[in-house]
S.K.: 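Sending over a structure as structure tokens; questions will come in a sec.
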There are 2 protein chains.
Amino acid sequence: MKYSKQRELILNCIKENPRHLTADSIYEIVKKDNPNLSLGTVYRNLAQLVEHDMILKISISGEPDRYDGNVDDHLHFLCLDCGKVQDLFLDELTAIRSLVEQRGDVKIESFDILLKGTCSECKK
Amino acid sequence: MKYSKQRELILNCIKENPRHLTADSIYEIVKKDNPNLSLGTVYRNLAQLVEHDMILKISISGEPDRYDGNVDDHLHFLCLDCGKVQDLFLDELTAIRSLVEQRGDVKIESFDILLKGTCSECKK
DNA sequence: CTACCTGCAAAAGGTTTGCATAGCC
DNA sequence: GGCTATGCAAACCTTTTGCAGGTAG
């Protein structure tokens, strides 16, 4: 992958924002530092970063995709009230992974786990 | 929900097809019995059936959504080779659910788990 | 110099919606 | 009869793509 200023800015933006931004939000943010950035470039770079396992793509039904700078195995929790996505790390995921591989006789490449409900903030 | 012929046909189509069809495939199939069905009607009914917990919507990044007639807690495995989605039932999901609820201090409404990899057929 | 990257704008693809009509209860 | 569902087509929104020019190595 050849260096590009745009890609660096996009990656930084994702790493600095733990909020699981959409392509469009990233575009808006990075554009402040690089005014003639184009949305197409954002999408192209996001695709490459995902391809190279440098970020994760989170796909939520009926909403634009979001991107996550943390590529370690973890799951996502979407709050149906406030719309925030939070990361959850569970050691048990490894166990589940091998359990599924045995039980289903499959080879798992990736885990996309999205839980939906109400977050601690909104439960109050 | 008022009865409609279209909705009945759509629901039957999903229940009869264990293949996790897309809205468009459902449209094509049901149209054989009901030639002047429209795609919009299919989408509207799918949304209602999901709303009433009669079917499940499976969202796969970069692909059209699919629909599942089985609403019991289970996970999905997408084969990256052949594209088939298979259901996997794991008792351990219940444990995971309460684990997450405790650990993350959240209330879970729904579970969307999509594993990707190679299925037993394609592993050969 | 060459291959990859960018900006722009147009196109694609899936899904939603407005409107007038038809069908259930 | 009233309210919901339908068909049709246009609109929507996110994402992708073609092209001509720019930039890293």
Side-chain angles (χ1 to χ4, degrees), chain A residues 1-14 17 19-52 54-68 76 78 83 85 112 114, chain B residues 1-14 17 19-52 54-68 76 78 83 85 112 114:
Chain A
M1 214 166 25
K2 188 191 284 189
Y3 171 84
S4 100
K5 179 80 177 301
Q6 288 85 339
R7 181 154 52 237
E8 185 177 33
L9 291 171
I10 289 167
L11 184 53
N12 285 345
C13 173
I14 295 171
N17 282 284
R19 296 190 305 114
H20 306 92
L21 301 170
T22 60
D24 198 63
S25 320
I26 295 168
Y27 170 63
E28 293 299 340
I29 294 172
V30 174
K31 203 162 60 164
K32 288 178 192 157
D33 289 337
N34 191 332
N36 48 356
L37 176 67
S38 92
L39 231 198
T41 298
V42 173
Y43 276 106
R44 271 185 289 229
N45 279 302
L46 289 172
Q48 276 186 83
L49 292 169
V50 169
E51 186 71 23
H52 286 77
M54 299 171 74
I55 60 173
L56 237 56
K57 185 176 180 178
I58 310 173
S59 117
I60 303 180
S61 170
E63 295 187 29
D65 293 338
R66 308 198 190 195
Y67 296 87
D68 186 345
H76 294 113
L78 167 70
V85 174
D112 288 358
L114 180 67
Chain B
M1 213 167 27
K2 188 192 285 189
Y3 171 85
S4 100
K5 179 81 178 298
Q6 288 85 339
R7 186 173 319 115
E8 183 176 35
L9 290 171
I10 289 168
L11 183 56
N12 285 344
C13 172
I14 295 171
N17 281 284
R19 298 192 303 113
H20 305 93
L21 300 170
T22 61
D24 198 64
S25 320
I26 294 168
Y27 171 61
E28 292 300 340
I29 294 172
V30 175
K31 205 162 59 165
K32 287 177 194 156
D33 288 337
N34 191 333
N36 47 357
L37 177 67
S38 93
L39 232 198
T41 297
V42 173
Y43 277 106
R44 271 186 288 228
N45 279 302
L46 289 172
Q48 278 187 82
L49 292 169
V50 169
E51 186 70 23
H52 286 76
M54 298 173 74
I55 60 173
L56 236 56
K57 185 174 177 177
I58 310 172
S59 119
I60 304 179
S61 171
E63 294 186 29
D65 292 337
R66 309 201 191 192
Y67 297 86
D68 186 344
H76 294 113
L78 167 69
V85 174
D112 287 359
L114 180 66

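Below, chain A is the first sequence line, B the second, and so on; all start at residue 1. Because the structure is a prediction, the values reported are computed rather than measured.
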S.K.: Closer to the 5' end of DNA chain C via nearest nucleotide, is it B:Met1 or B:Thr22?
M.R.: B:Thr22
S.K.: Considering every strand and a 4.0 Å limit on heavy-atom distances, what is the contact class for B:Asp24: base, sugar-phosphate, or nothing?
M.R.: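 Contact class for B:Asp24: none.
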S.K.: Base, backbone or nothing for each nucleotide of nucleotides 6-13 of chain C, written B, S, -, heavy atoms under 4.0 angstrom, 5' to 3'?
M.R.: BBB-----
S.K.: Using whole Å, what does the distance between atom C1' of nucleotide D:dC8 and atom NZ of B:Lys31 come to?
M.R.: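 The answer, rounded to whole Å, is 13 Å.
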S.K.: Nearest whole angstrom, please: distance from the P of C:dC4 to the CD of A:Glu51.
M.R.: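 Taking atom P of C:dC4 as the reference, CD of A:Glu51 is at 14 Å.
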S.K.: To the nearest Å, give me how far apart CD (A:Glu63) and P (D:dC12) are.
M.R.: 20 Å
S.K.: State, yes or no, whether a side-chain contact exists between B:Lys5 and B:Tyr3 at a heavy-atom distance under 4.5 Å.
M.R.: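 Answer yes - side chains close enough.
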S.K.: By nearest heavy atom, map B:Lys2 and B:Lys57 onto DNA chain C; which one lands nearer the 5' end?
M.R.: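 On the 5' side of the pair lies B:Lys57.
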S.K.: Please name the pair of heavy atoms, one in A:Ala23 and one in A:Tyr67, separated by the smallest distance, quoted to 0.1 Å.
M.R.: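 A:Ala23 and A:Tyr67 have their closest heavy atoms at N-CE1, 4.1 Å.
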S.K.: How many angstroms lie between atom CZ of A:Arg7 and atom CG of A:Leu46, to the nearest 0.5 angstrom?
M.R.: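 Interatomic distance, A:Arg7 CZ to A:Leu46 CG, rounded to 0.5 Å: 10.5 Å.
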S.K.: Let me know the distance between CG of B:Leu46 and P of C:dT15, rounded to the nearest Å.
M.R.: 9 Å
S.K.: Work out which heavy atom in A:Ser59 is nearest to a heavy atom in A:Leu114; give both atom names and the distance.
M.R.: O-CD2, 4.3 Å
S.K.: What is the separation between atom OH on A:Tyr27 and atom C1' on D:dT14, rounded to the nearest whole Å?
M.R.: 14 Å
S.K.: Could you tell me whether the side chain of A:His76 reaches within less than 4.5 Å of the side chain of A:Arg66, counting heavy atoms only?
M.R.: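 Sidechains of A:His76 and A:Arg66: no contact.
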S.K.: Roughly, in whole Å, what's the span from CG in B:Leu49 to P in C:dT15?
M.R.: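 To the nearest whole Å, that distance equals 15 Å.
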S.K.: Which heavy atom of B:Ile60 sits nearest a heavy atom of B:Asp65, and at what distance?
M.R.: N-OD1, 4.4 Å
S.K.: When the distance from CD of A:Glu8 to P of D:dA24 is rounded to whole Å, what number comes out?
M.R.: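 Result: 12 Å.
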S.K.: Considering the terminal five base pairs at each end of the helix from C:dC1-D:dG25 to C:dC25-D:dG1, what angle separates the two local helix axes, rounded to 10°?
M.R.: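 The two end axes of the helix from C:dC1-D:dG25 to C:dC25-D:dG1 meet at 40°.
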S.K.: Minimum heavy-atom separation for B:Asn34 to B:Gln6, with atom names?
M.R.: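 That would be ND2-CG, 3.9 Å.
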S.K.: Within the 4.5 Å heavy-atom criterion, are B:Leu21 and B:Cys13 side-chain neighbours or not?
M.R.: yes
S.K.: What's the shortest heavy-atom distance between B:Ile10 and B:Val42, and which atoms?
M.R.: CD1-CA, 3.8 Å
S.K.: Mind calculating the distance between CG (A:Leu21) and P (D:dT15) to the nearest angstrom?
M.R.: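 Checked: the CG to P distance equals 13 Å.
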S.K.: Phosphate oxygens OP1/OP2 of C:dT15: is one of them under 4.0 Å from a side-chain N or O of B:Tyr43?
M.R.: yes
